[in-house]
Amino acid sequence: MKKYFTFLLATSLVSTAALAGIQVQDHWVRASTGSNTAAYMKLVNISNKDISLTGVYSPVSASGELHEVVDMGQGMQMQEISAIRIPSNGEIVLMPGKTHVMLMNIKDGPLTEGKTVPLTLVFSDGEELQLMAPVKAQ
Ligand SMILES: [Cu+2]
């Protein structure tokens, strides 16, 4: 049975209508001894309108980026994108080798298995979700 690790941060009264828009499941951060690492999760849109993930930040990294993986002709490469669209009543799975969140310039590393990383996800409807993502080897 899957658990929902959803904590909604109401930043203003205006966002109240959108508070139940996105649910996040199975989120985790890849263990890393380097300066960057990736975060993965399933984003479920339980609303009747498309919502995009537009930003990510975490206290463990200087910045967060949204990446897709594309074949540039000489192998697969990561490329920054401005948003990840989650279709209405649909879902997107961020997974290794596919679209993912990148945490750039990790502070106070390394991120070892067993640690927990706070993540804040920012959505196009103004909603912000705060998560605690476990660090896993893979
Ligand atoms: Cu990446």
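Index from 1, following the sequence. Start at 1 and go down the list; that is how both ligands and their atoms are numbered.
- When distances from the Cu ion (ligand 1) to the N, O or S atoms of His100 are compared, NE2 comes out shortest.
- Using a 4.5 Å cut-off between side-chain heavy atoms of Ile, Leu, Val, Met, Phe, Trp and Tyr, with links allowed through other members, Leu43 and Tyr40 fall into different hydrophobic clusters.
- The Cu ion (ligand 1) is closest to atom ND1 of His67 (considering only N, O or S atoms).
- Under 4.0 Å is where a charged nitrogen must lie from a carboxylate oxygen, and between Lys42 and Asp26 no such pair does.
- The Cu ion (ligand 1) lies under 2.8 Å from an N, O or S atom belonging to Met102.
- With contacts defined as side-chain heavy-atom distances shorter than 4.5 Å, the pair Asn105/Ser61 does not qualify.
- Using a 30° and 60° split on the angle between ring planes, His100 and His67 fall in the perpendicular class, above 60°.
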